[in-house]
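This report refers to the structure that appears directly beneath it.
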Amino acid sequence: MRYTVDERHERIVELVREYGSLRVADLAEHLGISAVTARRDVEALASVGRLDRVRGAVHWPGTPAPRGRTRPALPESRPAERAREPQDVVVGMVVPQSRHYFGEIVRGAREAVTAAGGRLVLGYSNYQLDQDEAQVRRMLEAGAHGLLLTPSWPSGTGGAETEGDVPVPAVLLERRGETGTGAAGLDRVCTDHAGGAGLAVRHLVGLGHERIALVAGDSPTTVQMRAGYEEALRALGVTAPAVEPIVLEPGERAPAGIDAAAERLSGLVAEGKVTAAIVLSDTDAILLLQSLRGLGGRIRVPEDLALVAYDDDVAALSDLPLTAVAPPKYEVGHTAATLLLQRVREHATGAAAGARRHLDLLPELRVRASCGESAAGGPGATPPENR
């Protein structure tokens, strides 16, 4: 049996009426709820005049506030009551933004929290470290029982400033705590971007391509993608990347950057140095395709250049449907929220916490038309004698 919020509020009123004054910590222990939930409950009751709130305690309206640290003995709770957890779990989620990549992650987290009867509260950092801290403080002040965090670490790995000592359970999303820091001891759920890049490389090498370029902007995802791209090339017997990664600013902010990347890629294809490219993201891959077509048809996709997009929000909607690596964004959000809810239950009931989990979810490769035929030797593939 669990209390509803209204039932819990009525029980708190009954106890305070009977005892005159009680510490919030004693109420939390008696009701089998977290201290955060107990504080929110008494604040809600005090705001409508049903109780009077004093520092660390609550007392019946019209009676003098207690002096000293009184602690009336509450009746022993039944074991079932001690095992209760709050139904109205509040999960705070701090992400850089909710558009593009993080939209599906937020949706997955929200659906997991809602299914458990809780509420998700969202905050944005806009990739600013000071906003990470500000939003975490705001979530805690709002009574969050647990936190889903995507810190603004440029490389996707960090933690020297974040010691992982927040007073409620926390799970990292798409970020990894640096070994030796407090953040390394937090649970985390991430996309295996290195593995996703490896899927793209394996597919292209299977089609006969070994001169594969990486086209991507400066982001935590790029750091992991580049590591996986280079490792996969070595594992598949390609001695080195065809060229240094082509740096690409997001097209919607810098369309000239797309055109410059298209010119660079076109020249490399014409020189025989590149026959395929992996592009982060799929929006930029579509813009790059359009820009290549605007160069007078010098480079044709997939005949002269095979393209694989990384991300799969809109890749299938291109007039030439793009083969794409699809990160499991919804599953990342849902899995992280489910894990956090487990940690919140453990924290609220005093149960022993299980081993910390560092989970990597592998993306999926979705083959379409932008690489030519799906078998080695098809259009766009490099003949074996020229490898």
Side-chain angles (χ1 to χ4, degrees), residues 154-157 176 190-249 257-282 284-285 288-289 291-292 295 298-311 322-325 327 360 362-363 365 367 370-387:
S155 68
T157 301
R176 293 168 167 79
C190 300
T191 298
D192 182 1
H193 292 303
L199 290 176
V201 170
R202 181 180 178 84
H203 179 66
L204 289 168
V205 171
L207 292 173
H209 299 282
E210 293 189 357
R211 297 187 283 279
I212 304 168
L214 178 63
V215 183
D218 184 13
S219 73
T221 300
T222 302
V223 173
Q224 297 172 51
M225 279 184 63
R226 180 170 182 173
Y229 158 78
E230 292 176 351
E231 184 177 349
L233 288 174
R234 288 193 299 270
L236 293 167
V238 181
T239 55
V243 293
E244 279 295 304
I246 299 172
V247 178
L248 182 64
E249 293 297 327
I258 293 285
D259 292 340
E263 286 281 4
R264 168 93 170 123
L265 202 52
S266 176
L268 291 168
V269 173
E271 295 169 12
K273 295 180 178 179
V274 167
T275 64
I278 303 167
V279 185
L280 174 68
S281 64
D282 57 351
D284 286 336
L288 188 65
L289 177 61
S291 188
L292 285 169
L295 296 176
R298 299 199 306 263
I299 302 300
R300 301 165 301 160
V301 176
E303 292 84 356
D304 304 312
L305 177 70
L307 276 183
V308 176
Y310 196 93
D311 210 355
L322 302 178
T323 292
V325 175
D360 285 338
L362 188 65
L365 179 72
V367 177
S370 62
C371 294
E373 294 183 5
S374 59
T382 305
E385 64 271 21
N386 293 331
R387 291 182 191 173

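Since the model is a prediction, treat every value here as computed from it, not as a measurement.
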Worksheet item: Sequence neighbours excluded, which residues qualify as side chain to side chain donor-acceptor pair (under 3.5 Å) partners of R264?
Response: none

Discussion item. Run the side chain to side chain contact (heavy atoms under 4.5 Å, CB included) test against V243 and tell me which residues pass, sequence neighbours left out.
Written reply: A213, L268, V274

Discussion item. The test is side-chain contact (heavy atoms from CB on, under 4.5 Å); show your working for D218 and V247 and say whether it passes.
Written reply: CA-CA 7 Å; D218 184 13; V247 178; 5.6 Å; no

Fill in: Whether S281 side chain and D311 backbone form a donor-acceptor pair below 3.5 Å
no

Discussion item. My understanding is that only residues two or more places apart in sequence, or in another chain, count here; which of them pass salt bridge (charged side-chain N to carboxylate O under 4.0 Å, His left out) with D282?
Written reply: none

In a table with atom names and distances, give each donor-acceptor pair under 3.5 Å that connects a side chain of residues 229-236 to protein atoms at least two apart or in another chain.
from, atom 1, to, atom 2, distance (Å)
Y229, OH, I212, O, 2.5
E230, OE2, R226, NE, 2.9

Worksheet entry | Value rounded to 0.5 Å, distance of CG in D304 from OG in S266 | 9.0 Å

Item to complete: Work out which heavy atom in A242 is nearest to a heavy atom in K273; give both atom names and the distance.
Response: CB-O, 3.5 Å

Fill in: Nearest non-hydrogen partners of I299 and A270, listed with the distance
CD1-N, 4.5 Å

Worksheet, complete the sentence: Scanning both residues in full, the closest heavy-atom pair of E263 with L295 reads OE2-CD2, 3.3 Å

Item to complete: Mind checking the CG-CD1 spacing from D284 to I258? Nearest 0.5 Å is all I need.
Response: 4.0 Å

Worksheet entry | salt bridge (charged side-chain N to carboxylate O under 4.0 Å, His left out) partners for R202, two or more places apart | none

Worksheet, complete the sentence: Looking only at heavy atoms, the pair that brings A324 and V308 closest together is CA-CG1, 4.4 Å

Worksheet entry | Rounded distance (nearest 0.5 Å) linking atom CZ of R300 with atom CG of L292 | 12.5 Å

Worksheet item: Pick one: which of L289, L288, L265, T275 meets side chain to side chain contact (heavy atoms under 4.5 Å, CB included) with L305?
Response: L265

Discussion item. Testing L199, V325, V215, V201 one by one against I278 for a side chain to side chain contact (heavy atoms under 4.5 Å, CB included), which residue passes?
Written reply: V201

Worksheet item: Is there a donor-acceptor contact under 3.5 Å from the side chain of T222 to the main chain of G217?
Response: yes

Worksheet item: Roughly how far, to the nearest 0.5 Å, is the CG atom of L204 from the CD atom of E210?
Response: 11.5 Å

Practice prompt. For T191, check side chain to side chain contact (heavy atoms under 4.5 Å, CB included) against everything at least two apart and list the hits.
Written response: Y101, E174, H193, Y310, P327, P328, V332, P363

Item to complete: Kindly give the heavy-atom pair with the smallest separation between P302 and G372, and that separation in Å.
Response: CB-N, 3.4 Å

Discussion item. Run the side-chain contact (heavy atoms from CB on, under 4.5 Å) test on S219 and L280 for me, step by step, so that the C-alpha distance in whole Å, both residues' side-chain angles and the decisive distance to 0.1 Å come before the verdict.
Written reply: CA-CA 10 Å; S219 73; L280 174 68; 4.0 Å; yes

Worksheet item: For the residue pair P154 and P220, what are the closest heavy atoms and their distance?
Response: O-CG, 3.3 Å

